[in-house]
Amino acid sequence: MGAAMRRIHVGNALSAFGLGFTVPYLYVYVAQVRGLGAMTAGLVLAVFAVAALIVLPFAGRAIVRRGPLPVLLAALVTAALGALSLGLSSGASSVLVSSALLGAGQAVMQPALATMIVDCSTAETRSRAFAMQFFLQNLGLGVGGLIGGHLVDTTRASSFTLLFSIEAAMFLLLVVVMVTVRMPRSPRVEGAPGPSDKGSWKRLMSNRAMVQLCVLGFVLFFACYGQFESGLSAYGVEAAGISTSTLGTALAANTLAIVVAQFVVLRFVERRRRTRVIASVGLLWAVAWAVAGYAGLGNGSQAMATAAFISTYALFGLGESMLSPTLAPLVADLAPEGLAGQYNSAFALVKQLALAIGPAVGGPMGASLHGPYIVVFVLFSLAITVLALRLGRQLTEVQDHPSAARSRVVAQGGTAPAGQSPAHA
């Protein structure tokens, strides 16, 4: 890892820390601490998500035209302003505006940081770089949530003001860190889209492999992340009789599975076709949903139901650790030269849509339609396998199995294909 990549990973960890530090407590802060009610709190969470959906299409274009670093710095300053003003806000309108700033800033950070990883890595090191990013993001989320939970006190608004002020200061500190990053010169794109030019999006939509990957990504995020804190937790409480403390244990098991398995799984993933790895994740998640079905619909003891429910989250974590070195590098390899920012933003937009729709669909089903809920998401998981195998037919050998392509080049004594670095002997 070079100095630039180390700073980028610091950025990933701190941005995730900020998300885990404050977002879990937004509802309580608005509804109870500021006394604005459940409806305003729901609107704040909706605005947080909608702001991300609005800015992401423009973020990709800005990254292509200006580079990822200036866009990241602007996002950090925006998020810092949003966090600070949120901690000081007491009225509904100011809380909503502050939430929009924070949501927009945090949404843009991810494609900007992902593009910086692409620019600072080679095809040979990219999978490991994105695996490290995912590892640090989960670590940051977990540590942020843990520390934030110990700082807040619902009887003192000042404790939340402190929480949001620390988050704002952290974002500004990250600005100082990222200003020192020396990025490699990005390739110039002839005819780069202007502010009102939709050519780049037309070009992306004409890339059949990328469109199929976006569809696959939507199903992946909808069937996993979109259910964690809504449908699956509601199902656990209502169908399996899981306590709220056990829900926390299940989420901890998910993070632990990722932390423990990430770099062990990486060795397995790097030597196999990316689409087959994604297909195997679909099968693994189908098993996870079946285990969840046993937890809520089986006739075992409460202890068995609890163990099964926690195991469901751990199995999801194992699948996530297989996806982290697979999906993001594939998006980068599908992007034409100089357009990685556009493609990263498009994929982030798909993820955000899945995270917005997933809870709205899964929450009511998980709470009341227990059997159909499990069946539907077992089928969604199997759909992941089918879509991944279909995507494999659209990819070149270099895109789907880069390690084999590099090994073949080295064995033949030739030059790696464009965009690929020959493996070291």
Side-chain angles (χ1 to χ4, degrees), residues 1-16 19 52 55-79 104-134 136-137 171 174-175 177-190 192-193 195 200-201 203-204 207 210 213-214 217 323-352 399 402 419-421:
M1 252 195 294
M5 187 65 80
R6 284 195 295 271
R7 287 173 172 80
I8 292 167
H9 283 319
V10 168
N12 276 302
L14 290 180
S15 63
L19 189 65
V55 299
L56 279 170
F58 300 99
R61 196 174 299 164
I63 292 171
V64 171
R65 288 177 57 82
R66 305 295 182 187
L69 184 55
V71 174
L72 175 63
L73 297 177
L76 288 168
V77 172
T78 301
Q106 289 192 327
V108 174
M109 289 179 204
Q110 296 312 309
L113 285 164
T115 305
M116 292 174 73
I117 289 177
V118 173
D119 290 345
C120 291
S121 63
T122 65
E124 210 172 13
T125 62
R126 196 161 292 149
S127 290
R128 289 184 175 271
F130 277 107
M132 177 63 79
Q133 178 200 34
F134 188 69
L136 291 173
Q137 282 179 339
F171 286 138
L174 191 50
V175 168
V177 173
M178 300 310 291
V179 163
T180 64
V181 174
R182 294 185 179 181
M183 294 293 296
R185 186 179 295 276
S186 299
R188 285 191 168 273
V189 183
E190 292 299 326
S200 59
W201 284 102
R203 186 176 181 180
L204 187 151
N207 186 331
M210 183 61 189
L213 180 59
C214 286
L323 290 175
S324 61
T326 305
L327 280 178
L330 182 53
V331 173
D333 287 350
L334 288 175
E337 189 177 43
L339 292 180
Q342 185 83 42
Y343 279 57
N344 282 324
S345 294
F347 201 69
L349 178 62
V350 167
K351 180 177 180 179
Q352 195 66 39
Q399 291 167 340
Q420 298 289 318
S421 300

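Atoms considered below: every heavy atom in the structure, side chains included; atoms not considered: hydrogens, waters and symmetry mates. Index from 1, following the sequence.
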(request) Check the pair M5, T125 against side-chain contact (heavy atoms from CB on, under 4.5 Å), reporting the backbone distance first and the verdict last. (result) CA-CA 11 Å; M5 187 65 80; T125 62; 5.8 Å; no
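Taking both residues in full, the closest heavy atoms of S324 and P329 are given as O-CD, 4.1 Å, listed atom of the first, atom of the second, then distance. Taking each heavy atom of L334 and L213 in turn, the nearest pair found is CD1-CD2, 3.7 Å. The two residues S15 and Q106 have their closest heavy-atom pair at O-NE2, 4.5 Å. Among all heavy-atom pairs drawn from R126 and A332, the shortest one is CD-CB, 4.0 Å. Closest of all the heavy-atom pairs between Q399 and D333 is NE2-O, 3.7 Å. What you find for C214 and V350 is that their closest heavy atoms are O-CG1, 3.3 Å.
Distance CG/L72 to CG/L113: 5.0 Å, rounded to 0.5 Å. Note that the CG atom of L327 and the CZ atom of F130 stand 10.5 Å from one another [nearest 0.5 Å]. M178 CE to L69 CG: the interatomic distance, rounded to the nearest 0.5 Å, is 6.5 Å. Separation of atoms OG (S127) and CE (M132) is listed at 13.5 Å; rounding is to 0.5 Å.
Under the side chain to side chain contact (heavy atoms under 4.5 Å, CB included) criterion, L349 pairs with L53, L56, P57, sequence neighbours left out. Residues passing the side chain to side chain contact (heavy atoms under 4.5 Å, CB included) test with T115, sequence neighbours excluded: I63, P68, D119, A340, N344. For the side chain to side chain contact (heavy atoms under 4.5 Å, CB included) test, no residue two or more places apart in sequence or in another chain qualifies with R66. F347 meets the ring pair (Phe, Tyr, Trp, His ring centres under 6.0 Å) test with F221; sequence neighbours excluded. Scanning for side chain to side chain contact (heavy atoms under 4.5 Å, CB included) contacts around L14 gives V10, M170, L174, with sequence neighbours left out. Q137 is linked by a side chain to side chain donor-acceptor pair (under 3.5 Å) to Q110, counting only residues two or more places apart in sequence or in another chain.
Side-chain contact between V331 and M210 is present, with at least one heavy-atom pair separated by less than 4.5 Å.
Checking side-chain atoms of T180 against main-chain N and O of V177 turns up a donor-acceptor pair under 3.5 Å.
For N12 and Q133, the side-chain atoms include at least one donor-acceptor pair closer than 3.5 Å.
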